J.: 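Below you'll find the structure I mean.
Everything quoted here is computed from the prediction, not taken from an experiment.
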Amino acid sequence: DAKTTQPPSMDCAEGRAANLPCNHSTISGNEYVYWYRQIHSQGPQYIIHGLKNNETNEMASLIITEDRKSSTLILPHATLRDTAVYYCIVRGVGSQGNLIFGKGTKLSVKP
Amino acid sequence: EPEVTQTPSHQVTQMGQEVILRCVPISNHLYFYWYRQILGQKVEFLVSFYNNEISEKSEIFDDQFSVERPDGSNFTLKIRSTKLEDSAMYFCASSFPGNTIYFGEGSWLTVV
């Protein structure tokens, strides 16, 4: 699986959009971009995933660049409960393989 | 919404004792996983399990670890002789083949 690069930490004001970047320049055509988050020491929580089109669900939006070498997770109206470590992970389409977690981005939402 | 459930939430054990951590995966899922996270460190893959056998394991998953699906609903991780360095949060996860992996809330193991 391709490796990803994320900033170690970011701050966001409550109510504002949080934009979390991820670089995955070695991604191959059959690999998805997945986003998970971990609040304190709870289990990783699935947020969203995409292949090449932008995706939106009730939690977030995922914007993938046309060359697929980077993506941005957008939390449209961040709340204090969104404070967590966010992980960007690349995983093969149809893969039964496990997820490889990096260090992620520690997002701190401030009042 | 279906979820992965784990028991116990927290266990304290003496070094050298056997520990069994239990998980009930999401009901129609066919792939099962164990991950661990030592305090302050990354989430690490231990093992994946499919069709009643291990499909992949990491170098962390040595002979002191074993997994089992004893009754078609539970998925267990056994640590035969615990060491201090086994103290960690252990996460169970499950997925339908090729689909999103969902995690439980974890079992915190403290070895003293």
J.: Where does Q45(A) contact chain B at under 4.5 Å (heavy atoms): side chain, backbone, both or neither?
T.: neither
J.: Count the heavy atoms belonging to other residues, nucleotides or ligands that lie under 6.0 Å from NZ of K57(B), then report whether that count exceeds 12.
T.: no
J.: Is it true that atom CG of N51(B) has more than 12 heavy atoms of other residues, nucleotides or ligands lying nearer than 6.0 Å?
T.: yes
J.: Looking at L99(A) and F103(B), what are the two nearest heavy atoms and their distance?
T.: CD1-CE1, 3.9 Å
J.: How close do T100(B) and Y34(A) get, heavy atom to heavy atom, and via which atoms?
T.: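 Taking every non-hydrogen atom into account, OG1-CE2, 3.7 Å.
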J.: Looking at E85(B), I'd like to know if its CD atom is crowded, meaning that more than 12 non-hydrogen atoms belonging to other residues, nucleotides or ligands lie closer than 6.0 Å.
T.: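 Result for CD/E85(B): enclosed.
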J.: At a heavy-atom separation under 4.5 Å, does E105(B) approach chain A through its side chain, its backbone, both, or neither?
T.: both
J.: Taking atom CG as the centre, does L39(B) end up with more than 12 heavy-atom neighbours from other residues, nucleotides or ligands that are less than 6.0 angstrom away?
T.: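 Count not over threshold, so no.
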J.: Counting only N and O atoms by type, is there a donor-acceptor contact under 3.5 Å from the side chain of Y36(A) to the main-chain atoms of I101(B)?
T.: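 Yes; at least one donor-acceptor contact below 3.5 Å.
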J.: Minimum heavy-atom separation for Q38(A) and F91(B), please, with both atom names.
T.: NE2-CZ, 3.5 Å
J.: Looking only at non-hydrogen atoms, find the nearest pair between N99(B) and R91(A) and report the distance.
T.: O-NH1, 2.9 Å
J.: Considering non-hydrogen atoms only, spot the tightest contact between Y87(A) and V43(B) and give its length.
T.: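 Looking at all heavy atoms of both residues, the shortest contact is OH-CG2, 4.4 Å.
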J.: Taking everything shown except R80(B) itself, do over 12 heavy atoms lie less than 6.0 Å from its CZ?
T.: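 Yes, enclosed.
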